[in-house]
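Residue numbers begin at 1 in each chain, while the letters A, B, ... track the order of the sequences.
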Protein chains: 2
Amino acid sequence: MRDVSRLAGVSTMTVSRVLADPELVSEETRSRVLAAIEQLGYLPNRIAGSLSSQRTNFVTAILPTLTNVNFADTAQGLTEALRAADYQLLIGYTTYRIEEEERLIRAMLPRRPDAIVVAGTVHTKAASQLLLRADVPVVEIWETPAHPINHAVGFSNYEAGRAAARYLLSLGHRHIAAVGPSTTGEARDFRGEDRLAGFAAVLREAGIGGGLVVQHGDVPASFDHGARALGVLLDRAPDVEAVFAVSDLSAVGVLMECHRRGIRVPQDLSLVGFGDFDIGRQVVPALTTIRVDAHLIGQRTGELLVTLLDEAAAGAEPAVVDVGFSLVERGTTAPAAPRRRSRRDH
Amino acid sequence: MRDVSRLAGVSTMTVSRVLADPELVSEETRSRVLAAIEQLGYLPNRIAGSLSSQRTNFVTAILPTLTNVNFADTAQGLTEALRAADYQLLIGYTTYRIEEEERLIRAMLPRRPDAIVVAGTVHTKAASQLLLRADVPVVEIWETPAHPINHAVGFSNYEAGRAAARYLLSLGHRHIAAVGPSTTGEARDFRGEDRLAGFAAVLREAGIGGGLVVQHGDVPASFDHGARALGVLLDRAPDVEAVFAVSDLSAVGVLMECHRRGIRVPQDLSLVGFGDFDIGRQVVPALTTIRVDAHLIGQRTGELLVTLLDEAAAGAEPAVVDVGFSLVERGTTAPAAPRRRSRRDH
DNA sequence: CTGAAAGCGCTTACAG
DNA sequence: CTGAAAGCGCTTACAG
């Protein structure tokens with residue numbers, strides 16, 4: 001910048017203005033400065049700028065993984081919404097471990113992000129403290145907590161699970177099960193657990209008992225998880241007629257395992273997934289699922305942050321944005337009665 | 001930091017040392033400083049540290065998208081390899097546009113990354129200039145260019161395409177086609193195009209003509225792309241007996257469309273994908289594909305950078321690391337002769 | 001419309 | 001083992 005100012009015959013202050021507020025500088029001076037910038041190939045140093053202005057234009061996003069299309073979509077939505085306001089995303093992966101989340105928060109805070117986005121509402125005690133004390137906006141995403149740390153953008157996983165159960169009941173099914181990964185490992189999918197809890201609650205309310213939940217294998221759920229979980233489930237309950245899988249990945253795994261075992265879907269088994277992944281539309285039959293707009297979660301979060309950071313609104317009200325979910329009925333579910341008869345006769 | 005030094009009764013220099021090189025400080029002073037840090041909840045400001053030390057410990061990675069498991073795996077591998085050395089990844093998405101890549105490079109350079117990772121070897125002229133002039137290591141990934149800007153970690157997409165063609169020829173197929181997305185849009189997958197070029201070259205060398213390449217639909221390839229491309233292909237060449245898809249996503253789309261149309265795989269059609277995505281192992285039959293270790297590309301890149309940045313080895317030799325690829329034979333491919341007969345008789 | 005001064009919070013390079 | 005001084009490259013807040 002010194003070099004540019006000397007070449008243009010102005011102060012560094014004027015160079016800084018040309019870059020930040022060009023309209024404050026006379027046209028003649030401005031073009032002289034721009035020419036000098038061009039000639040020297042000058043690139044401003046935003047580290048210095050950040051230190052001076054006390055704003056980094058960084059936003060930190062801490063997600064379970066990027067190897068899940070839903071979270072990748074959220075990251076992409078966030079990136080797009082923040083780009084216009086010139087914010088750069090710093091992404092960290094927890095691999096579904098809250099200890100790792102705490103480590104990441106500690107590693108990120110010294111970079112002085114202008115805002116912090118974390119997936120989920122379950123944190124270590126220390127992480128919660130750090131987030132509460134951070135003097136920047138915090139947004140918890142992929143849930144709608146009753147008591148957010150600050151802001152939240154998501155939907156109710158519990159209600160999504162309830163919706164899946166109500167739907168399978170409405171089809172007339174009674175031997176209903178759910179599959180998800182284990183809840184005893186270090187890696188935990190608390191949002192998935194919420195969905196299964198809501199699912200089981202509806203079954204209990206219907207007097208069916210919500211105990212038929214196979215929790216098996218490591219987080220995160222995968223195609224392979226679904227395939228193996230079906231085996232465990234059938235050993236335990238050969239007469240199961242409907243399954244809710246905690247994720248479309250599991251659900252597709254269940255479906256493929258059904259193909260291999262000669263179990264007809266939906267004639268012998270109704271199947272509901274969660275997440276509306278691309279693959280669910282392509283498999284045969286296409287997968288019934290609960291759709292969540294992951295990209296929108298990212299976008300809304302980005303928009304919320306741009307507003308909060310723009311208006312320097314220190315006193316902004318904590319907001320909880322619910323983007324909702326919807327049940328998408330496709331080919332893997334069917335009413336109960338005809339199926340059970342055909343299966344028993346078989 | 002001032003507050004900490006006052007509370008501990010030392011200079012800020014000593015506080016800095018406790019954080020950076022604890023062993024240089026006497027145990028007694030150190031514990032006094034650590035107590036003060038604890039008591040005040042002090043978090044160092046790395047922006048100031050970066051400005052002062054002229055090292056940010058940022059590495060910029062510019063990828064086509066994160067919505068593709070392969071690139072997400074690469075990002076995860078990079079993150080893991082860099083974490084140990086305390087580097088933070090700044091990720092940008094180009095959505096397969098080199099103009100967007102240039103924009104991202106311009107946006108990232110003022111953040112003063114210690115190294116730059118870009119996917120691919122095709123850049124705008126201005127982007128190439130910026131990368132050449134950047135006085136930090138540059139690594140091009142997912143290709144093995146003959147003339148890298150600096151370093152490279154990847155494999156030969158052209159050779160991968162050749163391997164697919166040689167394999168289908170070895171099965172006895174002669175009516176062979178390939179499907180990939182369009183090459184005329186703004187978004188381009190140059191690596192996919194290289195694979196198709198290698199594929200077509202082998203067919204030409206075998207005297208078969210390499211013209212049966214369906215390039216249809218927007219980049220990136222998807223399940224949906226594959227499903228639609230098969231329709232276009234069958235209109236053009238109803239007697240096709242083997243297909244190479246530029247990506248497993250397309251390949252699975254082709255497979256599902258075959259299911260819907262009653263085309264038997266592999267009896268009526270042999271199918272080879274690329275990328276070895278999880279879903280390819282789960283579909284029925286399981287997908288024959290070309291496997292690339294995307295995570296390893298990220299890991300090797302990270303290791304290379306840690307070495308380069310550690311030894312302050314300004315004079316380090318440009319390295320090109322080839323992680324290779326391998327053909328994984330599964331259920332979607334079969335020898336030609338029996339199939340053609342059965343199909344004709346049908 | 002333009003500039004001189006001070007300072008952001010660290011680390012480098014010395015000195016003792 | 002510890003500290004005083006200088007400086008990293010910008011922006012803020014004034015002043016003119």
Side-chain angles (χ1 to χ4, degrees), chain A residues 1-37 40-58 86 88 107-114 135-136 309 312, chain B residues 1-37 40-58 86 88 107-114 135-136 309 312:
Chain A
M1 189 174 225
R2 261 262 69 89
D3 298 339
V4 172
S5 71
R6 270 199 276 263
L7 180 58
V10 297
S11 70
T12 59
M13 199 46 244
T14 299
V15 177
S16 176
R17 274 200 198 90
V18 169
L19 263 24
D21 285 298
E23 64 282 4
L24 292 184
V25 180
S26 77
E27 176 157 358
E28 197 238 309
T29 316
R30 196 194 316 154
S31 60
R32 205 146 30 90
V33 170
L34 289 173
I37 286 173
L40 296 173
Y42 167 73
L43 283 169
N45 183 328
R46 294 191 66 167
I47 299 296
S50 293
L51 179 61
S52 187
S53 66
Q54 303 286 74
R55 292 184 108 234
T56 55
N57 278 37
F58 282 127
D86 192 32
Q88 171 68 45
M108 295 290 200
L109 284 177
R111 305 274 192 191
R112 294 293 188 268
D114 290 337
D135 53 350
V136 295
L309 294 169
Chain B
M1 189 174 225
R2 260 264 67 91
D3 298 339
V4 173
S5 71
R6 271 198 276 261
L7 181 58
V10 297
S11 71
T12 59
M13 199 47 245
T14 299
V15 177
S16 176
R17 274 199 198 90
V18 168
L19 262 24
D21 286 297
E23 66 281 4
L24 293 184
V25 179
S26 76
E27 175 156 359
E28 196 239 308
T29 317
R30 196 194 316 155
S31 59
R32 204 144 31 91
V33 171
L34 288 174
I37 287 173
L40 296 173
Y42 166 73
L43 282 170
N45 182 328
R46 293 192 66 168
I47 299 296
S50 293
L51 180 61
S52 186
S53 67
Q54 302 286 74
R55 292 184 107 233
T56 55
N57 278 37
F58 282 128
D86 192 33
Q88 172 67 45
M108 295 291 200
L109 284 177
R111 305 273 192 192
R112 294 293 188 266
D114 290 337
D135 53 349
V136 295
L309 294 170

> Hey, does Asn57(B) have a side-chain heavy atom less than 4.5 Å from the side chain of Gln88(B)?
no
> Which distance, rounded to the nearest 0.5 Å, do you find between the CD of Gln54(A) and the CD1 of Ile47(B)?
10.0 Å
> For residues Pro113(B) and Met108(B), report the shortest heavy-atom separation together with the two atoms involved.
CD-O, 3.4 Å
> Which residues in residues 4-11 of chain B have at least one heavy atom lying under 4.0 Å from any atom of DNA chain C?
none
> Determine the minimum heavy-atom distance between Leu51(B) and Leu51(A), stating which atoms define it.
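The answer is CD2-CD2, 3.3 Å.
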> Minimum heavy-atom separation for Ala36(A) and Ala8(A), please, with both atom names.
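The answer is CB-CB, 4.1 Å.
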> Taking side-chain contact (heavy atoms from CB on, under 4.5 Å) as the definition, give me every residue that meets it alongside Leu34(B), ordered by chain and number, with sequence neighbours left out.
Val18(B), Arg30(B), Ile37(B)
> In Å and rounded to the nearest 0.5 Å, what is the CG to OH distance from Leu19(A) to Tyr42(A)?
6.0 Å
> Both atom distances under 3.5 Å, Watson-Crick or G-U wobble: I'd like the secondary structure of DNA chain D as a dot-bracket string, with | for pairs made across strands.
|||.||||||||.|||
> Enter the distance from Arg112(B):CZ to Leu43(A):CG here, rounded to the nearest 0.5 Å.
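Going from CZ on Arg112(B) over to CG on Leu43(A), the span is 6.0 Å.
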> Using the test side-chain contact (heavy atoms from CB on, under 4.5 Å), find all partners of Ser16(A) that sit at least two apart in sequence or belong to another chain.
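For Ser16(A) the side-chain contact (heavy atoms from CB on, under 4.5 Å) partners, ignoring immediate neighbours, are Met1(A), Met13(A).
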> Would Arg111(B) count as a cation-pi partner of Phe58(A), with NZ or CZ less than 6.0 Å from the six-membered ring centre and within 45° of the ring normal?
yes
> Kindly say whether Val15(A) contributes a backbone atom to a donor-acceptor pair with the side chain of Ser5(A) at under 3.5 angstrom?
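Side chain of Ser5(A) to backbone of Val15(A), a donor-acceptor pair under 3.5 Å: no, none is there.
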> Can you check whether Thr29(B) reaches Thr14(B) side chain to side chain, under 4.5 Å on heavy atoms?
yes
> For nucleotides 8-15 of chain C, read 5' to 3', which letter fits each nucleotide if B means a protein heavy atom sits under 4.0 Å from the base, S means only the sugar-phosphate is that close, and - means neither?
BBBBBB--
> Which parts of residues 23-32 of chain A get close to DNA chain C, meaning a heavy atom less than 4.0 angstrom away?
Leu24(A), Val25(A), Ser26(A), Thr29(A)
